[in-house]
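Take a look at the structure below.
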Amino acid sequence: MKANKTHSINGRIKTATLLFTFLFLILSNAYAFANQSQQIITKSEKGTCEIQINGAMATKYECNGFNAPSLITSSYLYESNEYVYIFIDNPMGNACDGGPIHVISQNDDGLLKSQKTIDFCGGHYPTVITEPKKLSIFIPSIKVEGTSKKIPGEKWVFENNVLTKVR
């Protein structure tokens, strides 16, 4: 009887070890994919700005009087298997604290898509909230100095590879 119990315990240990190894391999590969390092290059030359991601041109646009765009954040939406990159332009001078916001998505095939550009002139930087299959960008309202007026805040949502203004 003792040999039978030992065989049963050894079998359970082998099964648990095999299951743990299998789960570790699956989860570590998914984690590695989500955390692959991204090569991002931004430029501003002769009135043209460009953003490159992993050697591919993501977007190129006219930007007279701007420094190279800056990456605000990037996020991996694991349920939709997409990367989302959020950049902000850097205008020279003091008219705006920030510039237009560019949202670029990348699907699991590596295809880059430049989404709508969000008009932004400054104030507090946007808040970005990431969920498993969507990303929300909140632009806070700002008070117009010297008046009682406020520029209303905005909310943008990236979902299903589309950026939409919802308020």
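Given the structure is predicted, the values throughout are model-derived calculations rather than measurements.
- Shown here are the side chain to side chain donor-acceptor pair (under 3.5 Å) partners of Asn107, two or more places apart in sequence or in another chain: there are none.
- If you chain together ILVMFWY residues whose side-chain heavy atoms come under 4.5 Å of each other, Val157 ends up grouped with Val166.
- The hydrophobic cluster containing Leu112 also contains Ile51, counting ILVMFWY residues as joined when their side-chain heavy atoms lie under 4.5 angstrom apart, directly or transitively.
- With sequence neighbours excluded, the residues satisfying side chain to side chain contact (heavy atoms under 4.5 Å, CB included) with Ser44 are Cys49, Cys63, Ala68.
- Every residue meeting the side chain to side chain contact (heavy atoms under 4.5 Å, CB included) condition with Glu79, not counting sequence neighbours, appears here in chain and number order: Pro132, Lys133.
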Which atom pairs, one a donor and one an acceptor, fall under 3.5 Å between side chains of residues 52-61 and the rest of the protein, sequence neighbours left out?
{"residue": "Gln52", "atom": "NE2", "partner": "Glu50", "partner atom": "OE2", "Å": "2.6"}
{"residue": "Asn54", "atom": "OD1", "partner": "Gln39", "partner atom": "N", "Å": "2.8"}
{"residue": "Asn54", "atom": "ND2", "partner": "Gln38", "partner atom": "OE1", "Å": "2.7"}
{"residue": "Tyr61", "atom": "OH", "partner": "Asp89", "partner atom": "OD1", "Å": "2.4"}
{"residue": "Tyr61", "atom": "OH", "partner": "His102", "partner atom": "NE2", "Å": "3.2"}

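- To the nearest 0.5 Å, the span separating CG on Asp109 from CD on Glu82 amounts to 11.0 Å.
- Residues Ile137 and Tyr85 are members of separate hydrophobic clusters, defined by side-chain heavy-atom contacts under 4.5 angstrom among Ile, Leu, Val, Met, Phe, Trp and Tyr.
- Counting only N and O atoms by type, the side chains of Asn81 and Tyr76 include a donor and acceptor under 3.5 Å apart.
- Rounding to the nearest 0.5 Å places OG of Ser70 at 13.5 Å from CD1 of Ile86.
- Residue pairs satisfying the ring-ring contact (aromatic ring centres under 6.0 Å, His included) criterion with at least one member in residues 104-152, sequence neighbours excluded, are absent.
- At least one side-chain heavy atom of Ile101 sits under 4.5 Å from a side-chain heavy atom of Pro126.
- Ile142 belongs to a hydrophobic cluster whose remaining members, ordered by chain and number, are Val144, Ile151; membership requires side-chain heavy atoms of ILVMFWY residues under 4.5 Å apart, directly or through intermediates.
- The two residues Asn161 and Ser105 have their closest heavy-atom pair at OD1-OG, 2.6 Å.
- The closest side-chain heavy-atom distance from Ile72 to Phe87 is not below 4.5 Å.
- Applying the side chain to side chain donor-acceptor pair (under 3.5 Å) criterion to Ser75, with sequence neighbours excluded, gives Thr130.
- From Leu163, atom CG reaches atom NZ of Lys134 across 12.5 Å, with rounding to the nearest 0.5 Å.
- Residues Val128 and Val84 form no side-chain contact, since every pair of their non-hydrogen atoms from C-beta on lies 4.5 Å or further apart.
- A distance of 12.0 Å separates CG of Leu77 from CD of Gln106, quoted to the nearest 0.5 Å.
- Side-chain contact check for Leu71 versus Thr73: every heavy-atom pair is 4.5 Å or farther apart.
- Clustering ILVMFWY residues whenever any of their side-chain heavy atoms sit less than 4.5 angstrom apart, transitively, puts Ile40 in the very cluster that holds Ile104.
- Through side-chain heavy atoms spaced under 4.5 Å, either directly or across other Ile, Leu, Val, Met, Phe, Trp or Tyr residues, Leu111 is tied to no other residue.
- The disulfide bond (SG atoms under 2.5 Å apart) contacts involving residues 104-167 comprise Cys96-Cys121, where partners must be two or more places apart or lie in separate chains.
- For residues 147-167, the pairs satisfying salt bridge (charged side-chain N to carboxylate O under 4.0 Å, His left out) are Glu154-Lys165, with sequence neighbours left out.
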Please lay out, stage by stage, how Ile118 and Lys116 fare under the test side chain to side chain contact (heavy atoms under 4.5 Å, CB included). CA-CA 6 Å; Ile118 300 172; Lys116 296 175 186 172; 5.8 Å; no

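- Applying the ring-ring contact (aromatic ring centres under 6.0 Å, His included) test to pairs two or more places apart or on separate chains, none has a residue in residues 145-167.
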